Structure formats: structure tokens, C-alpha cells
Amino acid sequence: MKYTQLGRTGLKVGRLVLGTMNFGPQTDEADSHAIMDAALDAGINLFDTANVYGWGENKGRTEEIIGNWFAKGGDRRDKTVLATKVYGNMGADGEAWPNHDKLSAVNIRRAVDASLKRLQTDHIDLYQFHHIDRATGFDEIWQAIDTLVQQGKVLYAGSSNFPGYKIAQANETAARRGGTIGLVSEQCLYNLAERRAEMEVIPAAQEYGLGVIPWSPLHGGLLGGVIKKEVQGGRRASGRAADTLADPAKRAQIQAYEDLLDKHGLEPGEAALAWLLTRPGVTGPIVGPRTAEQLASALRAVELELSDELLTGLDEIFPGPGPSPEAFAW
């Protein structure tokens, strides 16, 4: 595994991040533990989760699975950079009692203690805000985080799904308060087929020293060779990938992408991950394997070297939006 610093921090993390959203809903506990063991053995040290993972009446289940894995010992917790998230409503019925969701100081305190209990640990390395909270100011948020840092329950804070202006607002508030490190990472939707983050989010992250952790690097399977799999009688596209392929123009775009990678003798999913590793500001994409085989495929992406010819071809198929403000103003 190759390593890099997480943004402007001294924290070293692998170029791939293990996403755990499938643990519970799609992958049982035993297989989840096996995947985490394999990831750690391969050198992946940043594990990403969220308090709401497990979904519905099983919210929190994914954190419990990880906690049970830590409880097995063997330096598992010591070797893992643990990242989880706060914001979502944890009520199983979908209804939140007042102050039981979002980013008020009351909910942050409650949520972190609940996550620590499920995760069977005494601290969270990277505590991420899962969404912006339009009703809570950053002075209040940072006051809550500062307290958690002083208590040793949280080491770093990050954001997820933040627009560029909120990244700036969060870190300018932190700088004004003094003694607060502010956001050190942003987890955003970013891949070959969805490059809007290049306009504002990634430039803001780079300006303020945040590591960028892309989620959905294969865009819901769309970039993982979905057409080839259909032709070969494999798993059919679903969700975002199926919706995209229903558009003839988009299907032709994905076909061109698969044809290009076939020409270069590369697997689409591995190339899509390798492309993200070439992008400025990217720490490492989140991979969410359901099986050990999917994890092995993701690991191969770290060693891929994409030629200039291939990178040019990918840009032609999936052109980025261009820099801001030129992308929308000129």
C-alpha cells in the first residue's frame, strides 16, 4: 500500500479507504470481519463508516459490526484510523425527537457517545459532519468539537457533502476562534462520470488544506464494466447505473469508456480508481467491497500507471466542468 498525509495533518493514511456501508445490509458480520482483516493485511488503514449505516430499523448496526471486530484484539484498533459521521436521524421510525439529529452541540455530544459505545473504542480519529446544518452556526459546532478533542474522544474533524463555500466558512470560523484546527478532510461524490466537485469543492479543499476522500468512485457501478457484465450475463445494472444506461447518449458514453479500457487491456473499475489517484488533492477513494474478490480488484488499482494517452482519452469521454468561475461565467 502507498501512503499519503491526510490533508495538512501529520496523519498517514493509505491511498485507498475502506468503506463499510455494505456491512450489515449486504454483507454479514463474519464476511465483514474477513474483509476488514484482509484490508488491514493489505495496508489499508483508514476505515470509513457512519452512525446511520445499517439503515432503517438497523441504524448503527455497521458501527456495531466494526466494534465487534475491534473487540477481537490483535492490534486491530491500534492499526486503524477510524472515521465515522454525525448528522443523520437515528430514530428507527424515521422521526427524530427534537435535537436528536443534525449538528447542534447537544446532538454532537449525544451522537459521539453512542458511536463510541457501538464501536467499542474510547476515541474516534476522524469525526465527520455528514451534511451541512443550515440551522447551526460553526461557532457552536466548533465549541462542541473542541470539547470532544479536549476529552480525547475525537482527534480530527472532517466534512462530507459540503459545498465549497461551507468548507471556507467552517475553516474561517475555526481560524477566528483560534486553537481549533478546523476541517482536515472532505468526503465528496467524485468520479469520472461526476466531476462537478472540480469546480468549487476540490479547490476549496486544497486552499484550506483538506484531504479529499471521494465516495462512489465507480458511480454506483456504472464505471465498473457494467455493459460488459450485462453482455456476459453477469450482474445487471441497478440504481444510479441503470437510470444512466436508460439514456441512449449516456449508454454510448459508457460503451466508449469500456471500449477504450479494453483497448488498453485494463479493467474498468480498476482504471476508474487509478484515475482518481492521479487527481490533485485526492487522498484516496472509498471502496466498499461486498466480497474479498472486490477488495482484491480495488487493491490492484493502487499499482496501475495510466498512460498520458489513456488519460487524454478519458478526458475526452468524460470532460470535466473546468475551473470556477470560467466554467459557468465565460
Side-chain angles (χ1 to χ4, degrees), residues 16-17 19 21-22 25-27 55 160-161 163 187-202 212-280 282 284-291 293-302 304-324 326-328:
L16 289 181
V17 178
M21 189 170 66
N22 290 323
Q26 297 190 45
T27 307
W55 309 111
S160 180
N161 306 308
Q187 189 177 132
C188 60
L189 175 60
Y190 183 38
N191 54 57
L192 270 166
E194 177 49 84
R195 295 178 61 172
R196 285 178 292 179
E198 293 176 358
M199 283 177 57
E200 296 278 1
V201 175
I202 293 174
V212 175
I213 306 172
W215 61 266
S216 195
L218 304 187
H219 209 52
L222 189 69
L223 300 172
V226 63
I227 296 177
K228 182 179 180 180
K229 291 175 183 176
E230 281 186 358
V231 171
Q232 294 176 343
R235 185 179 179 214
R236 294 188 64 81
S238 60
R240 182 188 295 128
D243 292 342
T244 302
L245 292 179
D247 180 334
K250 292 292 186 181
R251 186 180 184 90
Q253 184 183 41
I254 298 303
Q255 186 65 69
Y257 161 72
E258 293 189 14
D259 289 345
L260 175 66
L261 294 175
D262 187 58
K263 173 186 172 183
H264 285 266
L266 297 174
E267 290 297 321
E270 295 171 17
L273 290 171
W275 177 83
L276 278 169
L277 293 173
T278 70
R279 305 309 298 165
V282 168
I286 296 174
V287 295
R290 293 184 300 275
T291 65
E293 291 74 18
Q294 290 177 345
L295 175 62
S297 176
L299 288 166
R300 288 193 289 271
V302 179
L304 278 185
E305 295 288 340
L306 304 185
S307 68
D308 290 341
E309 177 189 357
L310 176 56
L311 290 171
T312 299
L314 291 171
D315 274 335
E316 290 173 351
I317 295 171
F318 299 108
S324 172
E326 290 85 352
F328 57 81

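Note that the structure is predicted; figures quoted are calculated from it, not measured. The first residue in the sequence is number 1, and the count goes up from there.
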### Message
Once side-chain hydrogen bond (donor to acceptor under 3.5 Å, both in side chains) is applied, what residue pairs with a partner in residues 260-276 remain, sequence neighbours excluded?
### Response
E270-S297, E270-R300
### Closest contact, heavy atoms only, L304 versus A274
CB-CB, 3.8 Å
### Query
L222 and L245: side-chain contact (heavy atoms from CB on, under 4.5 Å), yes or no, with the steps?
CA-CA 8 Å; L222 189 69; L245 292 179; 4.0 Å; yes
### Query
Which pair of non-hydrogen atoms, one from P321 and one from A327, has the smallest distance, and what is that distance?
O-CB, 3.0 Å
### Query
Are the side chain of S160 and the backbone of Q187 linked by a donor-acceptor contact shorter than 3.5 Å?
yes
### Query
Can you name the closest pair of heavy atoms from L273 and A301 and give their distance?
CB-CB, 3.6 Å
### Query
About how many Å separate CG of L192 and CG of L218, when rounded to the nearest 0.5 Å?
9.5 Å
### Task
Rounded to the nearest 0.5 Å, what's the gap from CG on L266 to CG on L260? Could you check?
8.5 Å
### Shortest non-hydrogen contact from P289 toward G19
CD-O, 4.2 Å
### Message
For residues 241-257, which residue pairs pass the salt bridge (charged side-chain N to carboxylate O under 4.0 Å, His left out) check, not counting sequence neighbours?
### Response
E230-R251
### Task
Determine, step by step, whether V201 and R196 satisfy the side-chain contact (heavy atoms from CB on, under 4.5 Å) criterion, reporting the C-alpha distance in whole Å, the side-chain angles of both residues, the deciding distance to 0.1 Å, and the verdict.
CA-CA 8 Å; V201 175; R196 285 178 292 179; over 6 Å; no
### Message
When you measure from the side chain of Y257 to the backbone of L223, do you find a donor-acceptor pair of N or O atoms at a distance under 3.5 Å?
### Response
yes
### Query
In Å and rounded to the nearest 0.5 Å, what is the CG to CG distance from D315 to L310?
10.0 Å
#### Entry: Flag if over 12 foreign heavy atoms under 6.0 Å of CD, E326
yes
## Note on the structure
Heavy-atom closest pair (A272 atom, P217 atom, distance to 0.1 Å) is CB-O, 4.2 Å
### Query
What are the two closest heavy atoms between C188 and A197, and how far apart are they?
SG-CB, 4.2 Å
### Query
Looking at CG of N191 and NE2 of H219, how far apart are the two atoms once the value is rounded to the nearest 0.5 Å?
5.5 Å
### Task
Find the distance between CG (L189) and CD1 (I286) and round it off to the nearest 0.5 Å.
10.5 Å
### Task
Walk me through it: do V282 and Y190 pass the test side-chain contact (heavy atoms from CB on, under 4.5 Å)?
CA-CA 10 Å; V282 168; Y190 183 38; 3.9 Å; yes
### Query
Are the side chain of N22 and the backbone N or O of G288 linked by a donor-acceptor pair below 3.5 Å?
yes
### Task
Answer whether the closest heavy-atom distance between the side chains of L16 and P285 falls below 4.5 Å.
yes
### Query
Looking at residues at least two apart in the chain, or sitting in another chain, which of them share a salt bridge (Lys or Arg N to Asp or Glu O under 4.0 Å) with E198?
R195, R279
### Task
Please round to the nearest 0.5 Å and tell me the distance separating atom CD of E258 and atom CG of L261.
8.0 Å
### Query
Where the side chain of Q294 meets the backbone of R290, is there a donor-acceptor pair that is under 3.5 Å apart?
yes
